[in-house]
Asker: 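Dropping the structure in here first, questions after.
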Amino acid sequence: MTRPRSLHKPVTARAHGKINLHLGVGDPGPDGYHELVTVFEALGTPETVTVELAAEDSVEVTGRYASAGIPLDENNLALAAVIAFREHTGWGGNVEITIDKQVPVAGGMGGGSADAAAALVAVAKLAGFEDREQLRQIAATLGSDVPFALLGGIALGRGRGDDLTRVLSQGTHHWVLATSTGTLSTPEVYRRVDELREQSAGQSPASSGDEQGPDVAQGVGDGETRSGPARLAEPTEVLAALASGDIEKLAAHVHNDMTEAAVSLLPDIAHVMDEGRRAGAHAVLLSGSGPTVGFLAQNATHALELAVLLEASRGVREVVRTTGPARGAHIVT
Ligand code: ATP
């Protein structure tokens, strides 16, 4: 006779880190948030979150990045997700959360957001809650990258990045990620973007209010950034390259508006990017607000070659090989 299934069985869910194939940053609104147009790609680096009913809430972090100074209280994004779930649904359980951390911390890869998305899916399963749309709404209250971690794949994000449209794509992308020996704070990089734009507008008044067409605004390859007024162009070329599976075209059009600001705060990033270009990377792209840098390779063998060359570079803490696109948050047990 089979045993009845326990209602208290732990539930494990997985979500992934991301890179932004395009990150266009607009001017800050009255609430201080910058308007974004971005193309997310979920990468194979997994965060695995196990949620179990317990007498009181707790968080434990294991895995490759367990000791990276991650908060274990309600500031932890996985526990924040469970707290938001309770508030929105009226569910009353306390939970023990275990996070197996494989996404580099504070590198612009959205590891904390992946933890939040995985925790949401896991706690929903534990509570027998099946309304995915409400989960998406709860995710949006937790941070602008959390809805994408829930969705996965490749998606176009607008607003704060949380207004998502799925993007069609063909093929697998081989990425090498170089984490940095330095650190950057996301709000500080946004502030620096604004400062550089103000300086640039001050130096060249003719450029302020300049209405550049979409071709001009987005046609910057390998992650370079120009200062100046925000121009939120549609990443049309990136979307076309994804649909056709043309890696060369994709490499020519990936772009991150935060690159110059990140490099000005942490100059080693420029050195690491140059090393990747010299080593033959198709595209060199700052991941989100950095400081991790992503290098697009032709295939798995090319990725291995790039990884070996980058490992010795000044400013590189470690090198991670992965592929994309990867799935959104899902149950694994
Ligand atoms: P962001 O750009 O959103 O700041 P990121 O992608 O650069 O994030 P994360 O690894 O998500 O980097 O961590 C950002 C910060 O969030 C960390 O420095 C940490 O203090 C805090 N944090 C809270 N919960 C978590 C979590 N579960 N995992 C990682 N970091 C967390």
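Each ligand, and each atom within it, is numbered from 1 in the order the structure gives.
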Asker: Hey, which atoms in ligand 1 end up nearer than 4.0 Å to a heavy atom of I70?
Answerer: 25 (C), 26 (C), 28 (N)
Asker: Do H22 and H253 have their ring centres less than 6.0 Å from each other?
Answerer: no
Asker: Please say yes or no: joined through hydrophobic side-chain contacts below 4.5 Å, possibly via intermediate residues, are M258 and M273 part of one cluster?
Answerer: yes
Asker: Would you mind running through ligand 1 and noting each atom that sits below 4.0 Å from a heavy atom of T186?
Answerer: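 Once the distances to T186 are compared, the set is 1 (P), 2 (O), 4 (O).
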Asker: Can you list every pair that meets salt bridge (Lys or Arg N to Asp or Glu O under 4.0 Å) and has a residue in residues 159-174, with sequence neighbours left out?
Answerer: D31-R160
Asker: Should G110 be counted as touching ligand 1, given the test is an N or O pair under 3.5 Å?
Answerer: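 So ligand 1 has an N or O lying under 3.5 Å from an N or O of G110.
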Asker: Under a 3.5 Å cutoff, is there a donor and acceptor pairing between the side chains of Q298 and H174?
Answerer: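 No, H174 and Q298 have no side-chain donor paired with an acceptor closer than 3.5 Å.
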Asker: Backbone or side chain, does any N or O of G112 fall under 3.5 Å from an N or O of ligand 1?
Answerer: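 Yes, there is a polar N/O contact under 3.5 Å.
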Asker: Under 4.0 Å, heavy-atom basis, I'd like to know which part of L77 is in contact with ligand 1: side chain, backbone, both or neither.
Answerer: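 Both of them.
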Asker: With rounding to the nearest 0.5 Å, note down the distance linking NZ in K125 to CD in E130.
Answerer: 7.5 Å
Asker: When you look for heavy atoms under 4.0 Å from ligand 1, do you find them on the side chain of N75, its backbone, both, or neither?
Answerer: backbone
Asker: Got an N/O contact under 3.5 Å between S113 and ligand 1?
Answerer: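 There is no such contact.
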Asker: Measure the CD1-CG distance between I99 and L72 for me, rounded to the nearest 0.5 Å.
Answerer: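 Result: 8.0 Å between the selected atoms.
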Asker: Determine whether any heavy atom of E47 lies closer than 4.0 Å to an atom of ligand 1.
Answerer: no
Asker: Heavy-atom contacts under 4.0 Å between N76 and ligand 1: side chain, backbone, both, or neither?
Answerer: both
Asker: With distance as the sole test, does S289 use its side chain to make a donor-acceptor pair with the main-chain N or O of G108 at under 3.5 Å?
Answerer: no
Asker: For G108, is at least one N or O under 3.5 Å away from an N or O on ligand 1?
Answerer: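 N/O-N/O distance below 3.5 Å exists for this pair.
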Asker: For the side chain of E47 and the backbone of Q102, is there at least one donor-acceptor N/O pair under 3.5 Å apart?
Answerer: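 Here the side-chain-to-backbone pair exists.
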Asker: Near K101, which atoms of ligand 1 are under 4.0 Å from a heavy atom of that residue?
Answerer: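 Result: 28 (N), 29 (C).
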Asker: If you count the non-hydrogen atoms of other residues, nucleotides and ligands that lie under 6.0 Å from CD1 in I331, is the total more than 12?
Answerer: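 More than 12 within 6.0 Å, yes.
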Asker: Considering T292, D115, V105, D145, which one's heavy-atom position lies nearest to atom 27 (N) of ligand 1?
Answerer: D115
Asker: With heavy atoms under 4.0 Å as the rule, classify the contact between M109 and ligand 1 as side chain, backbone, both or neither.
Answerer: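 Backbone only.
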Asker: Determine all donor-acceptor pairs shorter than 3.5 Å in which one atom belongs to a side chain in residues 77-91; sequence neighbours excluded.
Answerer:
residue : atom : partner : partner atom : Å
R86     : NH1  : D57     : OD1          : 3.2
R86     : NH1  : D57     : OD2          : 3.4
R86     : NH1  : G93     : O            : 2.7
R86     : NH2  : D57     : OD2          : 2.6
H88     : ND1  : A84     : O            : 2.9
T89     : OG1  : F85     : O            : 2.7
T89     : OG1  : W91     : N            : 3.2

Asker: Quick one: look at A116 and ligand 1, take heavy-atom pairs under 4.0 Å, and tell me if it's side chain, backbone, both or neither.
Answerer: neither
Asker: Report, in ascending order of atom number, the atoms of ligand 1 lying under 4.0 Å from any heavy atom of G107.
Answerer: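 Every atom of ligand 1 under 4.0 Å from some heavy atom of G107: 7 (O), 12 (O).
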